[in-house]
Amino acid sequence: MATPRDLPVVLTGDRTTGPLHLGHYVGSLKSRLALQDSHRQFLLLADAQALTDNADDPGRIARHVIEVALDYLAVGIDPGKSVVCVQSRLPALAELTVLYMNYVTVSRLERNPTVKQEIVQRGFQRDIPAGFLCYPVAQAADITAFKAELVPVGEDQLPMIEQSNEIVRRINRLAGRNVLPEARALVSSTGRLPGIDGQSKMSKSAGNAIPLSASPDEIRSAVRAMFTDPGHLRASDPGRVEGHVVFTYLDAFDESPGEVEELKAHYRRGGLGDVVLKGRLDARLQVLLGPIRERRAELARRPDFVMDVVRSGTERAAAVTQETLDEVRDALGVFGFGRA
Ligand code: ATP
Ligand code: MG
């Protein structure tokens with residue numbers, strides 16, 4: 001029988017900036033649930049990375065460590081199968097970041113398309129925190145410290161994996177052998193779920209999200225507020241499906257894709273009102289999120305259990321990441337002063 005150590009390693013993480021939302025569910029959590037039986041899976045509560053653009057609000061970042069852990073357990077992450085750990089409590093990650101920083105140039109960091117887009121969104125200019133510009137390096141430290149081979153992420157994370165692999169190749173070349181594995185992204189079929197405004201991706205920081213913990217009323221009003229086709233004034237008008245957020249969500253969440261295709265054809269022809277579509281989506285989301293919300297409420301009544309899951313996971317992760325740091329140090333012959 002394969003021991004957990006023989007299984008391929010999966011790493012993912014979430015910034016502890018706010019509650020997880022439907023974008024996380026389709027972009028990454030669903031894959032994590034599927035992988036936890038067949039892989040050795042680590043889930044990183046990325047509080048250090050969250051601070052890179054939230055340095056003025058450290059309390060919120062700290063508070064959401066446990067909130068995001070609750071979200072994990074509520075969707076079905078099983079602490080007997082997956083390791084949940086806290087980034088800032090893993091010193092090997094910080095040491096690897098310091099080391100890798102020497103193998104990445106500022107111009108390479110500025111070329112990262114996701115970072116570029118996030119800089120515009122946040123309105124950063126020369127006042128950009130150095131930690132924010134460099135967070136892809138820290139993310140490379142995260143991925144490699146666990147020797148992750150598979151990283152289930154949303155589409156926005158592809159440039160991060162590419163950048164991490166560049167660092168891996170550089171380290172392996174210097175070491176003269178493959179100390180670190182390259183990682184492969186696993187992108188879900190939905191890719192990037194837009195926010196309810198249809199403007200950009202659903203994101204904790206953009207105020208356009210439906211959290212996994214949303215109440216029935218919050219779900220209903222979020223669906224009601226969804227962007228549809230502005231040219232579709234009466235139900236009898238022919239409508240456009242492209243860019244229609246309700247259809248995008250039906251594609252992501254409805255369990256009868258055939259029926260959704262028929263609805264699209266009907267909408268294009270005319271004679272189908274947005275109210276009908278919104279009603280269908282609302283019903284589907286209520287069914288999906290209801291049990292998650294209930295499990296979350298149950299777990300919230302057992303704070304010691306949740307704390308234990310995170311504490312023991314972080315201890316296990318500390319051992320794994322320290323081992324990798326030692327190997328990289330030995331292979332490069334750096335940071336070795338005073339060691340036997
Ligand atoms: P923030 O606004 O603080 O950056 P976020 O909502 O973007 O938060 P992250 O913690 O940055 O969430 O992302 C965690 C993971 O979830 C990443 O793998 C990311 O690709 C995925 N993800 C986040 N939002 C979406 C989305 N709307 N669609 C698909 N995947 C997503
Ligand atoms: Mg993000």
Side-chain angles (χ1 to χ4, degrees), residues 4 7-21 23-25 27-33 35-36 39-54 61-79 81-97 100 114 131-132 134-154 156-157 160-161 163-164 167-168 180-181 183-186 204 306-325:
L7 298 174
V9 175
V10 181
L11 173 81
T12 52
D14 300 277
R15 293 150 44 89
T16 61
T17 47
L20 299 189
H21 51 64
H24 297 111
Y25 187 79
S28 171
L29 288 168
K30 251 168 75 175
S31 318
R32 301 184 204 182
L33 293 177
L35 290 169
Q36 65 179 346
H39 289 70
R40 191 170 177 225
Q41 176 156 256
F42 295 90
L43 276 68
L44 193 63
L45 296 160
D47 57 344
Q49 191 190 111
L51 213 54
T52 62
D53 58 339
N54 291 280
I61 304 308
R63 231 177 14 258
H64 279 94
V65 169
I66 278 300
E67 294 299 317
V68 175
L70 271 170
D71 285 332
Y72 286 164
L73 300 176
V75 294
I77 293 297
D78 177 347
K81 296 174 182 167
S82 298
V83 178
V84 177
C85 54
V86 182
Q87 189 181 37
S88 63
R89 300 286 86 211
L90 302 173
L93 301 183
E95 286 195 49
L96 282 172
T97 305
Y100 294 170
T114 298
F132 188 81
C134 298
Y135 89 74
V137 183
Q139 213 163 310
D142 302 339
I143 295 170
T144 56
F146 290 95
K147 295 196 171 168
E149 288 160 68
L150 203 59
V151 187
V153 282
D156 59 306
Q157 293 299 307
M160 307 302 165
I161 315 280
Q163 196 154 10
S164 176
I167 294 173
V168 166
L180 299 170
R184 194 162 60 78
L186 180 72
K204 297 188 218 94
V306 181
M307 201 53 132
D308 262 6
V309 166
V310 178
R311 270 217 192 96
S312 61
T314 304
E315 268 168 35
R316 278 180 66 188
V320 171
T321 51
Q322 183 61 43
E323 198 178 309
T324 307
L325 173 63

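All values reported here derive from a predicted model rather than from experimental measurement.
- Shown here for A185 and I161, the closest heavy-atom pair between the two residues is CB-CG1, 4.0 Å.
- Looking at residues two or more places apart in sequence or on another chain, you find a side chain to side chain contact (heavy atoms under 4.5 Å, CB included) between E323 and R5, E327.
- Considering only heavy atoms from C-beta on, L44 comes within 4.5 Å of C85 through its side chain.
- Between the side chain of T12 and the backbone N or O of L43 there is no donor-acceptor pair closer than 3.5 Å.
- Of all heavy-atom pairs spanning K147 and P181, the tightest one is O-CG, 3.8 Å.
- Residue L33 holds its CG atom at 9.5 Å from NZ of K81, rounded to the nearest 0.5 Å.
- Note that the CG atom of L150 and the CZ atom of R40 stand 14.5 Å from one another [nearest 0.5 Å].
- For the atom pair L7 CG and L35 CG, the distance stands at 11.5 Å (nearest 0.5 Å).
- For P19, the side chain to side chain contact (heavy atoms under 4.5 Å, CB included) partners at least two apart in sequence or on another chain are H64, D71, P211, S213.
- Counting heavy atoms from C-beta outward, T16 and V86 have side chains that stay 4.5 Å or more apart.
- Residues V151 and Q157 fail the side-chain proximity criterion, which asks for heavy atoms closer than 4.5 Å.
- Listed by chain and residue number, F42 satisfy the ring-ring contact (aromatic ring centres under 6.0 Å, His included) test with F146 (two or more places apart in sequence, or in another chain).
- Nearest heavy atom pair, residue T144 against residue V168, reads CG2-CG2, 3.4 Å.
- Atom CE of M307 is separated from atom CD1 of I66 by 5.0 Å, given to the nearest 0.5 angstrom.
- Of all heavy-atom pairs spanning S28 and P152, the tightest one is OG-O, 3.3 Å.
- Scanning for side chain to side chain contact (heavy atoms under 4.5 Å, CB included) contacts around L51 gives P58, I61, with sequence neighbours left out.
- A side-chain donor-acceptor contact under 3.5 Å links T321 to the backbone of A318.
- Closest heavy-atom contact between A145 and T324: O-OG1, 2.7 Å.
- Side-chain atoms of Q41 do not come within 3.5 Å of backbone N or O of I77 as any donor-acceptor pair.
- Here the options are D47, D53, D142, the test is salt bridge (Lys or Arg N to Asp or Glu O under 4.0 Å), and the partner is R15; only D53 passes.
- In this structure, I143 CD1 and L96 CG are separated by 12.0 Å, a value rounded to the nearest 0.5 Å.
- The shortest distance between side-chain heavy atoms of R89 and V65 does not fall below 4.5 Å.
- Residues meeting the side chain to side chain donor-acceptor pair (under 3.5 Å) test with T17, sequence neighbours left out: K204.
- Under the rule for a side chain to side chain donor-acceptor pair (under 3.5 Å), D156 has no partner lying at least two apart in sequence or in another chain.
- Annotation: the span from Y135 atom OH to T97 atom OG1 amounts to 14.0 Å, rounded to 0.5 Å.
- S31 pairs by the side chain to side chain donor-acceptor pair (under 3.5 Å) definition with nothing, not counting sequence neighbours.
- For E95, the side chain to side chain donor-acceptor pair (under 3.5 Å) partners are R329, not counting sequence neighbours.
- Applying the side chain to side chain contact (heavy atoms under 4.5 Å, CB included) criterion to D14, with sequence neighbours excluded, gives L20, H24, R32, V68, Y72.
- Between the side chain of Q87 and the backbone N or O of A48 there is at least one donor-acceptor pair closer than 3.5 Å.
- The stretch residues 306-315 participates, sequence neighbours left out, in no side chain to side chain donor-acceptor pair (under 3.5 Å) pair at all.
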